[in-house]
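Keep in mind it's a predicted model, so treat the numbers as computed, not measured. Quick note: numbers below take in every heavy atom, side chains included, and nothing from hydrogens, waters or symmetry partners. Each chain gets a letter, A, B and so on, in the order the sequences are listed, and its residues count up from 1.
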Amino acid sequence: MAQSYSVTLEDSGLFQSFSGSKMTTLPPLPMTRPKLMDLARQKLPCSSGPIPSSQLIKEKEDIDHYVEVNFKGLSKEEVAAYRNSYMKNICVDMLRDGYHKSFTELFGLMKQWETLRVAARRRSIFWLQKPLEDQPDKLDYFYYHLTRAEAAERKGYFEEVYNNLYALACFFDNAEDKWVRNHFYERCFQIAQLIKIDGGRKEAEAHAHMGLFYEEEGQLLEAAEHYEAFHQLTQGRIWKDETDRFLNLWACESLLRTYRLLSDKMLENKEYKQAIKILIKASEIAKEGNNKKMEGEALYYLGLAHLAAEEQDTAMAVLNAYSKISTDLNDDLSLGRAYEAIAKVLQSQGQMTEAIQYLKKVVNLTKNNFQSLDVVKASTMLGDIYNEKGHYNKASEYFQQAFDTTIELMNLSLLDETKVHYGIAKAHRMMLTMNNYIETADLTSLNHLLSWKERRSDIDLDLVVGVSRGSATENMAQNSEHLEELTRSPDNQKKETE
Amino acid sequence: MNVIYPLAVPKGRRLCCEVCEAPAERVCPACTVTYYCGVVHQRADWRSIHEKICQLLIPLRTTMPFYNSEEERQHGLQQLQQRQKHLIEFCYTVAQKYLFERKYAEAVPAALHSLRFRRSVYGLSSVELVPAYLLLSEASLGLGRIVQAEEYLSQAQWTVLKSTDCQNATHSLLHRNLGLLYMAKKNYEEARYHLANDIYFSSCAFGTEDIRTSGGYFHLANIFYGLQKLDLADTLYTKVSEIWHKYLNDHYQVLSQARVEQADLLHKRFVNDTGLDEAQEAEAIQILTSILNIRESTSDKAPEKTIFVLKTLVMLHYLMMNSSKAEEYAMQALNLAKKLQLSENEQNNIEELLSLISTEEDHPIT
């Protein structure tokens, strides 16, 4: 507390009026406080002969000063320092030196905090947070930077202003003070627009921050705008930021990210045309960015969007380009993704065999690279295709593979999903024979059925009796029942094995 | 008729002068309840406030009439309280107005009245007395009696310290007056400290962009101007003019909207309204005129600011229905704008204002 006043007391004009000191009658007392030592040093000893005591200590101020300097009491300002909150002291300090804009800003931030708190209501985190007013180090920071920013603004050194505001923004870059940081990002942005000397670099950085801010808030359109401006400004320049990353690269990445998010939202809303437009823009930017990986990713998403919009030919073309890029880069992962996407396209087009080929390639790739999730996905897709075609054996084989991989992964939801698929595939395998057994309904088949019910293991598939289509609907109903039972059976089986 | 004899007054009853509490020799003939020690004080009081409240004092200073029932008595008491409160506010506003018009001598009796009524309604050591003390101190400062001002202020400060529930507005007013006191004593450090406190409290009470906070900024700017820190003073003056401009502009916009949407059934034109009471209007005039003077003295460097202040003054006078002054300032602004060849927009604005004022003059509101 004491330190905050040493600055203001030093340049107080009050104590300079005592150059012709009138204090010789009272004995000098030892100094007890560090800040008052400054004052004591300023006090000049009286040198001009004996002064009549009537002239000494005439006014109240002299007494105040003497008491302040020599006695262990509290001066008026110290009283004020103890009585008022730290926030008030900081505000008063700011105003005394004429920094009214800093005061207005700080005050506004406090008010904003209060309104946010009220709006957030009881149980949320805000209520538990200490108000900014009670956090003295943050207030100190505020004071320091805001006053310097204002002084610089008065002289017109906007860079200085920007630096101070940016320092404040960085300081508040933690989870609970995000809104303060965003406030300062906006201010930086406004100031940066005034800085023309450095060729717009600060402006570009400010755009980047604003884009980040909007992205976090979820307002993707504004974020995209800012990132676009950022990108434009950094095109062709070799600026680097503190971590030695090219600003242009950062611009491209952020822009792509935002476009992707935007297009995702649009795809959810089924606005295909717009999504595709945006993604095309993104891929163009990525191409300019000279970064193959980014370009590839952009193409991938474009392909997916085309697929969703059911423009399969364009999707094919795009995805082929992506796979070429991935092979150039020797990136197996992206290659795997590319093939998967292509397979999907082919599937929707109905070209199953080619789809199967691609998917087999994918499975191999991903198995080599230990990408279990992708293995699961790919095998599930393969099994699906075989299922539809009627090759239940192969289908159940692939589903088994998928299931085994998910056990390794221990991902419960995936586990359930693959279990179901596997069960269905197995059920299909058994379906034909079951049908036959049920229809023939003679002793051996009934025996087989009963033994199956008891043991629930795989039944022999050798018996193929003539199919009679008499009780088709009955079979269907029974089939569905059986299927349900069978889906439960792998559970039981696996539970026993586990 | 005007003269009374102290000895002829019933035993024990001392009649004291309104202004100076000396034994009274004269009485006001209009109300017969107000006493003065001499013609000088009578005249001073009449000019200052008595003219306005003469008749209002009668029910307060005579005995209550006889009421038949308890209800009527309560009702009568309540009415008495109401009248006293009304008088308190009225005297306070009148005194403030005089202060802003710098008529300090006339402000004193009005402020004394306010103080006395407050004392009788609220008691001797209530916080409500503080504004009256502050008025008196400001008047004393204006008359140059610093010691007296300091006395009043220390009384006010002590009352504030003792009370537990003093409002931020009162704190702000107290600190403003303390700031003015220290400015008069040329102790600029203390003055700055107190004015900073004033701004802080009035921001807590009203917000940082309120017209009531603008007074604090204005005085702080005056200090910096006196200390020759012209850039600081400049930013503060700009802030003050911006606050007033925004406030007056809002009113003006509302008014012009209403005009466009046409009058009500009786085709009455809308009365101009500033939304301020007289004292605040006087404060506004004082602040803005002094800023204008300062700006004019440095006008070659930043003429847009002069024009800004002029425009604000135009709006103020227009809304206060002083058409002549409004027109004068508008002409000044227009000339300045033309001389500097400002943007078309600016000139159009001013011309619009001017035309509005002239139509006002031609068709005064019924």
(request) To the nearest 0.5 angstrom, please state how far the CE atom of A:Met110 sits from the OG atom of B:Ser203. (result) 13.0 Å
(message) Holding to side-chain contact (heavy atoms from CB on, under 4.5 Å), I want the full list of residues that pass it with A:Cys91, two or more places apart in sequence or in another chain.
(response) A:Met87, A:Phe103, A:Leu106, B:Tyr200
(message) If you count heavy atoms of other groups shown closer than 6.0 angstrom to CD of A:Gln112, is the number above 12?
(response) yes
(message) I need the B:Tyr193 OH to A:Leu95 CG distance, nearest 0.5 Å.
(response) 12.0 Å
(message) Counting only heavy atoms not in A:Arg154 (residues, nucleotides, ligands), do more than 12 fall under 6.0 Å from its CZ?
(response) yes
(message) Can you pull out every salt bridge (Lys or Arg N to Asp or Glu O under 4.0 Å) where at least one residue sits in residues 183-194 of chain A? Sequence neighbours excluded, please.
(response) A:Glu105-A:Arg187
(request) Can you tell which part of B:Tyr217 gets under 4.5 Å to a heavy atom of chain A, answering side chain, backbone, both or neither? (result) side chain
(request) Taking heavy atoms only and a threshold strictly under 4.5 Å, list by residue number the residues of residues 232-245 of chain B that touch chain A; give 'none' if the list is empty. (result) B:Leu232, B:Thr235, B:Leu236, B:Lys239
(request) With sequence neighbours excluded, tell me which residues meet side-chain contact (heavy atoms from CB on, under 4.5 Å) with B:Ser125. (result) none
(message) Quick check: closest heavy atoms across A:Val92 and B:Asn197, and the distance to 0.1 Å?
(response) CG2-OD1, 3.3 Å
(message) I'd like to know whether NZ of B:Lys246 has more than 12 heavy-atom contacts from other residues, nucleotides or ligands below 6.0 angstrom.
(response) no
(request) Say whether, by atom type as modelled, one donor and one acceptor occur between the side chain of A:Arg96 and the main chain of B:Arg192 under 3.5 angstrom. (result) no
